[in-house]
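None of these values were measured; they are calculated from a predicted model. Residues: numbered from 1 along the sequence shown.
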Amino acid sequence: MRVVQWSTGNVGRHALAGIDARPDLELAGVWVSSEAKAGVDAGELAGLGRSLGVEATTDADALIALKPDCVLYTAMADDRLVEAVEDLKRFLRAGINVVSSSPVFLQYPEGVVPPELIEPIREAAREGGASLWVNGIDPGFANDWLPLVLTGVCERIDEVRCLEILDYSTYDQAKVLFDIMGFGREMEDLPLLLQPGVLSLAWGSVVRQLAAGLDVELDAVEEVYERLPAPETFEIASGTIKEGTAAALRFEVRGMRGGRAVCVLEHITRLRGDLGPDWPQPSGQGCYRVQVTGEPNYVLDLRLVGTDGDHNTAGLKATAMRLVNAIPAVVAAPPGLLTALDLPLVTGRGLVSP
């Protein structure tokens, strides 16, 4: 299957390596947003140390004209939602299937965004006879198939809670950390992520998809958060965190049923390991955790660590490979806006080293 990689940032460069690793995929083209990367071989952009024989381009029309089987879209969407949705509709209308890491609310949009915002995407899919699947590690695998598989060995379920417990100090993405999440900003300065309704827009899809997978109708979705200041000034990969500015964040998006939380998405994000010592602690360097309360009770930790020793590298790689490995299933699926509940269990088939 011929694949075009759309962007080569923190996730996109890992997606390039993933496409190259699969014998059933062929890299047909690479789109980049900057002229500095145009003309650069994909192997160099992926950090592979060898040529892949495909040069990056800023010419979107030329790549769409290639009519690939799939576009793997990893361009930043947090601060350009309208533009990102227009990109996705354009691919679909051209008959090109899409796997994408964003916008995250599209992983399961039912009840998260108004139907009138989703119908144009579905119409584009019908027009082009193509499919769109948005996923990753979170929102994605860590809170769709991972918890749903675990519930298959339950007698009774009172609550399903999915947690991300990570230190983001090595995550080198200043726009996300400072502008969107509000780290390094004054405590009274409310960032984009914590504006009313944004957490539910970004992760409401998680709790609603879990509820759908468990055949539970939610009464409401609620959000809460807590922030902690830096005890002194310190440095992270993306810049300086000054004393007294935001340095740790904990939030929950709760799917409510009968006055209690039944499906919960919780994030504990620290920029230093000693912050919030009474908050949940990770297994290993960092982890995704599934807690099922009921009969019996389960705790399942998915530890992350890349071959470079960093857990954030592993998270980026996991997001990329969730998308890469799903390409055959998405291409084979009927046209439309797909969710994890629509696809077969995606595995790493064909990736075992000879």
Side-chain angles (χ1 to χ4, degrees), residues 77-79 81 102-105 107-108 111-113 136-144 146-147 159-169 171 173 175-211 218 220-230 236 238 241 245-257 260-283 286-291 293 301-302 304 311-312 315 319:
D78 293 351
D79 59 348
L81 290 176
S102 59
V104 293
F105 59 79
Q107 76 139 1
Y108 190 86
V112 179
V113 291
I137 185 68
D138 181 350
F141 176 75
N143 34 61
D144 55 42
L146 191 65
E159 179 189 274
V160 178
R161 179 176 293 261
C162 302
L163 302 91
E164 178 188 89
I165 312 174
L166 293 178
D167 182 329
Y168 271 35
S169 61
Y171 181 50
Q173 187 20 297
K175 178 179 283 292
V176 170
L177 290 179
F178 298 143
D179 298 343
I180 295 173
M181 300 185 73
F183 289 119
R185 290 168 60 166
E186 298 300 326
M187 295 291 289
E188 63 272 16
D189 187 359
L190 209 60
L192 173 63
L193 185 66
L194 301 181
Q195 296 294 326
V198 173
L199 288 174
S200 295
L201 177 64
W203 283 278
S205 59
V206 167
V207 297
R208 291 187 181 279
Q209 183 167 244
L210 277 175
L218 298 178
V221 172
E222 300 177 355
E223 56 186 52
V224 295
Y225 67 86
E226 180 182 0
R227 304 164 85 193
L228 296 176
I236 62 172
S238 293
I241 305 299
T245 63
L249 170 66
R250 180 181 186 179
F251 69 77
E252 294 183 13
V253 179
R254 303 167 177 166
M256 308 297 292
R257 169 79 172 180
R260 65 181 181 88
V262 293
C263 299
V264 182
L265 183 284
E266 180 177 2
H267 274 207
I268 295 93
T269 308
R270 299 175 171 94
L271 298 186
R272 219 169 66 178
D274 62 337
L275 300 174
D278 56 331
W279 291 358
Q281 297 293 329
S283 174
C287 72
Y288 288 97
R289 178 172 296 159
V290 178
Q291 294 179 184
T293 305
D301 278 357
L302 177 65
L304 293 84
H311 56 283
N312 282 311
T319 291

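- Residues forming a salt bridge (charged side-chain N to carboxylate O under 4.0 Å, His left out) with Arg254 (at least two apart in sequence, or on another chain): Glu252.
- Aromatic ring centroids of Phe251 and Trp203 lie under 6.0 Å apart.
- Residues passing the salt bridge (charged side-chain N to carboxylate O under 4.0 Å, His left out) test with Arg227, sequence neighbours excluded: none.
- Considering only heavy atoms from C-beta on, Val253 stays 4.5 Å or farther from Val206 through its side chain.
- Of the candidates Leu166, Thr269, Leu177, Leu177 is the only one forming a side-chain contact (heavy atoms from CB on, under 4.5 Å) with Tyr171.
- No side-chain donor-acceptor contact under 3.5 Å links Thr245 to the backbone of Glu186.
- Take Asp274 and apply the side-chain hydrogen bond (donor to acceptor under 3.5 Å, both in side chains) test, not counting sequence neighbours, and it matches Arg272.
- Using a distance-only test at 3.5 Å, with no hydrogens or angles considered, a donor-acceptor pair links the side chain of Arg289 to the main chain of Gln281.
- With sequence neighbours excluded, no residue forms a salt bridge (charged side-chain N to carboxylate O under 4.0 Å, His left out) with Asp138.
- Taking Glu223 as the reference, nothing meets the salt bridge (charged side-chain N to carboxylate O under 4.0 Å, His left out) condition, with sequence neighbours excluded.
- Every side-chain contact (heavy atoms from CB on, under 4.5 Å) that Val104 has, sequence neighbours left out, goes to Pro139, Ala202.
- A donor-acceptor contact shorter than 3.5 Å links the side chain of Thr319 to the backbone of Gly315.
- Checked against side-chain contact (heavy atoms from CB on, under 4.5 Å), Ser169 has the following partners two or more places apart in sequence or in another chain: Asp167, Ile236.
- In terms of the ring-ring contact (aromatic ring centres under 6.0 Å, His included) criterion, His311 has no residue partners (sequence neighbours excluded).
- Distance OH/Tyr168 to CD/Gln173: 11.5 Å, rounded to 0.5 Å.
- Residues satisfying the side-chain hydrogen bond (donor to acceptor under 3.5 Å, both in side chains) test with Gln209, not counting sequence neighbours, are none.
- Considering only residues two or more places apart in sequence or on other chains, Tyr288 meets the ring-ring contact (aromatic ring centres under 6.0 Å, His included) condition with none of them.
- Checked by atom type and distance alone, the side chain of Asp179 never pairs as donor or acceptor with a backbone atom of Val176 at under 3.5 Å.
- Here the CG-SG distance, from Leu146 to Cys162, works out to 7.5 Å after rounding to the nearest 0.5 Å.
- Shown here are the side-chain contact (heavy atoms from CB on, under 4.5 Å) partners of Glu226, two or more places apart in sequence or in another chain: Leu228, Trp279.
- With rounding to the nearest 0.5 Å, the separation of CE in Met256 from SG in Cys263 is 11.0 Å.
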Show me the side-chain donor-acceptor pairs of residues 187-194 shorter than 3.5 Å, one per line, residues at least two apart or across chains.
residue : atom : partner : partner atom : Å
Asp189  : OD1  : Arg185  : NH2          : 3.0
Asp189  : OD2  : Arg185  : NE           : 3.1
Asp189  : OD2  : Arg185  : NH2          : 3.2

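- At least one side-chain heavy atom of Glu266 sits less than 4.5 Å from a side-chain heavy atom of Pro280.
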